[in-house]
Q: 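Here's a structure for you.
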Amino acid sequence: MTAVEQFVWLTARVLEQRRFEFLFAKGGADGVLAALDAYRCADGGYGYALEPDARGPFSQPLQTYTALMILDEVGACDGAAVARACDYLMSITRPDGGVPAGDTRLRDYPHAPWMPVVEEPDGNLLTTGLLAGVLHKNRIEHPWLAGATEFCWQRIDGLTESHPYEVQAAMAFLDHVPDRHRARATAKRLGEFVREQGLVLIDPQHPERAQVPPGYAPGELHCVWDYAPEPASLARSWFSDEEMTQGLDHLAGLQEDDGGWPIRWRAWAPGTRLEWRPRVAIEALRTLRAYDQV
């Protein structure tokens, strides 16, 4: 058994164990779907700390994105579960066409201090971009998607300042939105913006050349693979072959002695670090495999 296998079987939740089985050990999708269903709420969204940084027994936009991402991962991002999730998104959509960063009910349950809880939130590009991107990838047809798509275009076209997680979400949208010509042109502009603003760690030997945005943890830098997790990503063109190889070597080198990878953001509660690390390990392996590094 490899070190990362040992790490997953020793520390991961059932969902991440099932995902690891499916992705790397020829496991079936049924186990993943059964584990994921435990996080589904009555309104069709997902909660129950599917995203470890938001606890509580009700749906959240980012939790619902994670569920759709996992459904996509196992080739099941269609059908009734996706339709119910889109209906939930319709129910929380703001007048501007986007969904908020979080539900106001989050205030009553443990959650990361950086997660906003406001009474009348605006639509949020981070959540809406991620959600619209995975739905476009799977060619889902639902009334929610048209307004969300227009919202994302407007927000992305109007960006004059941003931060790495928001740019990642914008790229998740651009990688799959149907207007490919506009997506490529917009992605090129964002890539120039990211490099000019120092929002990416190009050279792991010189972290001082990258900017840690306000509110991020010390040393919480985004790397080339965060923006381009696979060769087909539009963001791959932002980086030279040498920069990409250097970045992937850095990712492989972050593996720790216990077989897992560290989380690079602030751990606000002990349990969340434990729950996040297997997921981070899976994402690292997926990226390395996409570039034929494992």
Side-chain angles (χ1 to χ4, degrees), residues 45-47 49-54 59-70 72 85-86 88-90 92-104 106 111-118 120-137 144-145 147-177 183 186-187 189-191 193-194 197 199-200 211-217 220-223 225-229 233-235 263-266 268 272 276 279-280 283:
Y46 289 77
L50 177 56
E51 284 272 333
D53 286 335
S59 300
Q60 287 286 331
L62 275 178
Q63 315 255 14
T64 301
Y65 160 70
T66 297
L68 293 174
M69 179 270 292
I70 294 170
D72 170 66
C86 290
Y88 156 69
L89 297 176
M90 285 281 287
I92 64 169
T93 295
R94 307 305 297 161
D96 57 15
V99 296
D103 190 296
T104 56
L106 191 61
H111 61 278
W114 58 82
M115 302 194 74
V117 181
V118 296
E120 293 295 334
D122 293 327
N124 181 271
L125 176 57
L126 195 159
T127 50
T128 310
L130 291 172
L131 287 157
V134 72
L135 292 172
H136 277 307
K137 180 181 180 181
W144 179 78
L145 197 51
T149 298
E150 183 58 30
F151 169 86
C152 289
W153 279 126
Q154 290 181 1
R155 286 296 180 89
I156 295 169
D157 287 344
L159 284 179
T160 57
E161 59 182 26
S162 188
H163 61 93
Y165 291 114
E166 185 175 63
V167 175
Q168 274 188 281
M171 291 309 301
F173 171 78
L174 294 174
D175 273 340
H176 301 293
V177 69
T186 304
R189 178 178 63 82
L190 281 184
F193 171 84
V194 164
Q197 297 295 316
L199 299 182
V200 59
Q211 299 296 319
V212 178
Y216 282 36
E220 187 178 352
L221 299 171
H222 271 55
C223 300
W225 74 80
D226 290 307
Y227 295 108
S233 305
L234 287 175
I263 65 170
R264 289 174 286 151
W265 56 93
R266 187 176 290 108
W268 58 278
T272 59
W276 268 117
R279 178 170 162 183
V280 170
E283 297 308 319

Q: Kindly determine whether Val200 and Val167 satisfy side chain to side chain contact (heavy atoms under 4.5 Å, CB included), including the steps that lead there.
A: CA-CA 11 Å; Val200 59; Val167 175; over 6 Å; no

Q: Going from CG on Leu159 to CG on Leu125, what distance comes out if it is rounded to the nearest 0.5 angstrom?
A: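 If I round to the nearest 0.5 Å, the distance is 6.0 Å.
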
Q: So does Glu51 get a backbone contact from the side chain of Gln63, meaning a donor-acceptor N/O pair under 3.5 Å?
A: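 The answer is yes, because a donor-acceptor pair under 3.5 Å joins these two groups.
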
Q: With Pro100, which of Asp122, Thr93, Ile92 fulfils side chain to side chain contact (heavy atoms under 4.5 Å, CB included)?
A: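 The residue from Asp122, Thr93, Ile92 that satisfies side chain to side chain contact (heavy atoms under 4.5 Å, CB included) with Pro100 turns out to be Ile92.
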
Q: Set out, in order, the CA-CA distance, both residues' side-chain angles and the distance that settles side chain to side chain contact (heavy atoms under 4.5 Å, CB included) for Tyr65 and Thr127, then state yes or no.
A: CA-CA 8 Å; Tyr65 160 70; Thr127 50; over 6 Å; no

Q: Val177 and Trp153: which non-hydrogen atoms are nearest, and at how many Å?
A: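 Minimum heavy-atom separation between Val177 and Trp153: CG1-CZ2, 3.7 Å.
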
Q: Do the side chains of Leu135 and Cys86 get nearer than 4.5 Å, heavy atoms only?
A: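 Counting from C-beta outward, Cys86 and Leu135 do come under 4.5 Å.
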
Q: Taking the basic N atoms (NZ, or NE/NH1/NH2) and the acidic carboxylate oxygens, is any pair closer than 4.0 Å for Asp96 and Arg155?
A: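 Here Asp96 pairs with Arg155 in a salt bridge, since their nearest N and O are under 4.0 Å apart.
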
Q: Would you please test Tyr46 and Thr66 for side chain to side chain contact (heavy atoms under 4.5 Å, CB included) and show each step?
A: CA-CA 8 Å; Tyr46 289 77; Thr66 297; over 6 Å; no

Q: Would you please test Tyr165 and His222 for side-chain hydrogen bond (donor to acceptor under 3.5 Å, both in side chains) and show each step?
A: CA-CA 8 Å; Tyr165 291 114; His222 271 55; 4.5 Å; no

Q: Closest approach of Leu234 and Met171, non-hydrogen atoms and distance?
A: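 Shortest heavy-atom separation between Leu234 and Met171 comes out as CB-CE, 3.7 Å.
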
Q: Could you measure the distance from the CG atom of Leu89 to the CG atom of Leu68? Nearest 0.5 Å is fine.
A: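 Answer for the CG-CG pair, Leu89 versus Leu68, is 7.0 Å.
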
Q: Which heavy atom in Asp72 sits nearest to a heavy atom in Lys137, and how many Å separate them?
A: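 What the structure gives for the nearest pair is OD2-NZ, 2.9 Å.
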
Q: Please determine whether side chain to side chain contact (heavy atoms under 4.5 Å, CB included) holds for the pair Trp144 and Val99, giving the CA-CA distance in whole Å, both sets of side-chain angles, and the decisive distance to 0.1 Å.
A: CA-CA 10 Å; Trp144 179 78; Val99 296; 3.7 Å; yes

Q: For Asp53, what residues pass the salt bridge (charged side-chain N to carboxylate O under 4.0 Å, His left out) criterion, not counting sequence neighbours?
A: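 Partners of Asp53 under the salt bridge (charged side-chain N to carboxylate O under 4.0 Å, His left out) test: none.
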
Q: Minimum heavy-atom separation for Pro52 and Trp268, please, with both atom names.
A: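 The answer is O-CZ2, 4.2 Å.
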
Q: Suppose we call two aromatic rings close when their centres sit under 6.0 Å apart. Are Trp265 and Trp114 close by that rule?
A: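 No: the rings miss the under 6.0 Å criterion.
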
Q: Is a side-chain N or O of His111 found less than 3.5 angstrom from the main chain of Leu106, in a donor-acceptor match?
A: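 Answer holds: yes.
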
Q: For the atom pair CG (Leu131) and CG (Leu62), what is the distance rounded to the nearest 0.5 Å?
A: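 One gets 7.5 Å once the value is rounded to the nearest 0.5 Å.
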
Q: Would the distance check show the side chain of Arg264 and the main-chain N or O of Leu221 forming a donor-acceptor pair, the cut-off being under 3.5 Å?
A: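 Here the side-chain-to-backbone pair exists.
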
Q: Which heavy-atom pair separates Ala85 from Thr64 by the least distance, and what is that distance?
A: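 Ala85 and Thr64 have their closest heavy atoms at CB-CG2, 4.0 Å.
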
Q: Kindly say whether Asp226 contributes a backbone atom to a donor-acceptor pair with the side chain of Gln168 at under 3.5 angstrom?
A: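 It does hold such a pair.
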
Q: To the nearest 0.5 angstrom, please state how far the CD atom of Gln197 sits from the CG atom of Leu190.
A: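 Separation between the atoms: 11.5 Å.
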
Q: May I ask you to decide if Gly97's main-chain N or O and Glu150's side chain share a donor-acceptor pair within less than 3.5 Å?
A: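 A pair under 3.5 Å: no.
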
Q: At their closest point, which heavy atom of Gly123 faces which heavy atom of Arg94, and how far apart are they?
A: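 Between these two residues, the closest heavy atoms are N-CG, 3.7 Å.
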
